[in-house]
Amino acid sequence: MTIEAAGIDGAAGLGAAVIADVEAHAAHNYHPLPVVLARGEGAWVWDADGRRYLDLLAGYSALNFGHRHPRLVAAAEAQLGRLTLTSRAFHNDLLGTFARELTALCGMEAMLPMNTGAEAVETALKMARKWGYERKGVPEGRARIVVMGGNFHGRTTTIVGFSDDASARDGFGPFTPGFVRVPFGDAAALADAIDDDTVAVLLEPIQGEGGVIIPPEGYLRAVRAICTERHVLMLADEIQSGLGRTGRTFACDHEDVVPDAYILGKALGGGILPVSAVVSRREVMDVFRPGEHGSTFGGNPLACAVGIEVVRMLRTGEFQARARELGEVLARGLASLPSARVAGFRARGLWAGVDLVGRTGRDVCEGLMRRGVLAKDTHGSTIRLAPPIVIERADLEWAVEQLRAELG
Ligand SMILES: *Cc1c(COP(=O)(O)O)cnc(C)c1O
């Protein structure tokens, strides 16, 4: 659909031509807002016709540090002048530093670098299965992994196979067996679902695509206890929830829970390039031996250079503290919205899901776009807010006022 057909004035002039080309020549696997971005800095982006917008999506948390953070751009530019790709057939001079510093940030012992989030999830699933056969003694071919209702872990055939979202799954089968789904937030259901062949529990500590769904207090601790007692790996997909977003380094930190593996992505690439990783204890990671898993681009020197800088930025805790403080500003603002327009909201750090009354999330996001604020709907009548952590407090307050005005 062209923007003219959609009757939306968000993109005109240069932008309209771009959208026409995308409609004509690219796959229609997304339904973006009709805004064509050409430049970004911090929490702000500009469209092809020079209009300015506040970015409250932050690339689904890939842009936790904002657009073109100077430290990250400097790290990438310096590395572009040295070496960008080696493959893992050889060592590069940065992977050791990245591995040492990332595992230290995570309190873990070993990491495996990949590129996209889905690849890191796949890596964790393979790791857990092999761990089950080699360390737990599960009979070959029988490994089971428990996943959660409402999950989102990426788009590969295996991953969509254990999704309960029809639009993610339908038409893409047959699917990989070996997964069982239980309701998110229900520790008793999880305990019941585990049997002798269960090797892992895979969960998002807060479900992002699901609408920023925060489980009941104590749930993550209960999952940890069940996994320890039943000798099952706890795999925490912190691709969206991790690296400062919730006001702590990891969402698991809110319950002082340490999983057996963190699955990281999005912000690990500093908003510059895809960088993901699985980070775990050595005993678990060592099920992988040479030739058994890998990626042409995983751990490349450019990715390492950016990843190292991301880890160093998070090490001081300043971004986590900022997400906590601004998160309180955001939550106060959302709490002050009229209850006739907002059914409720969930917030943790600088991350919120807002349930609307009587309007679709898409409709409100289109209205916000016209007011200079970019956000994304999820699940019909919910909008998700995840501003870059570098956002200025006054800009965040302005964005909430735009939402108030849009809701009327
Ligand atoms: C985005 C996301 C993924 C997939 O990451 P890609 O880089 O898009 O493959 C997996 N898990 C969670 C929780 C995510 O938010």
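Please read all numbers here as calculations on a predicted model, not as lab measurements. When a ligand or atom number is given, it counts from 1 through the structure's own listing order.
- Between Arg404 and the choices Glu401, Gln402, Glu406, the side chain to side chain donor-acceptor pair (under 3.5 Å) rule is met once, by Glu401.
- Between Phe162 and Phe179, the angle of the ring planes lies from 30° to 60°, which puts this pair in the tilted group.
- Taking the charged nitrogens against the carboxylate oxygens, Arg324 and Glu328 have no contact shorter than 4.0 Å, which rules out a salt bridge.
- A salt bridge is absent between Arg322 and Glu318: the closest approach of a Lys/Arg side-chain nitrogen to an acidic carboxylate oxygen does not fall below 4.0 angstrom.
- Salt bridge annotation for Arg281-Asp260: present, with a cationic side-chain nitrogen under 4.0 angstrom from a carboxylate oxygen.
- Within 4.0 Å of ligand 1, heavy atoms belong to protein residues Thr116, Gly117, Ala118, Phe152, His153, Gly154, Glu204, Asp237, Ile239, Gln240, Lys266.
- Here Arg224 does not pair with Glu255 in a salt bridge; the nearest charged N to carboxylate O distance is not below 4.0 Å.
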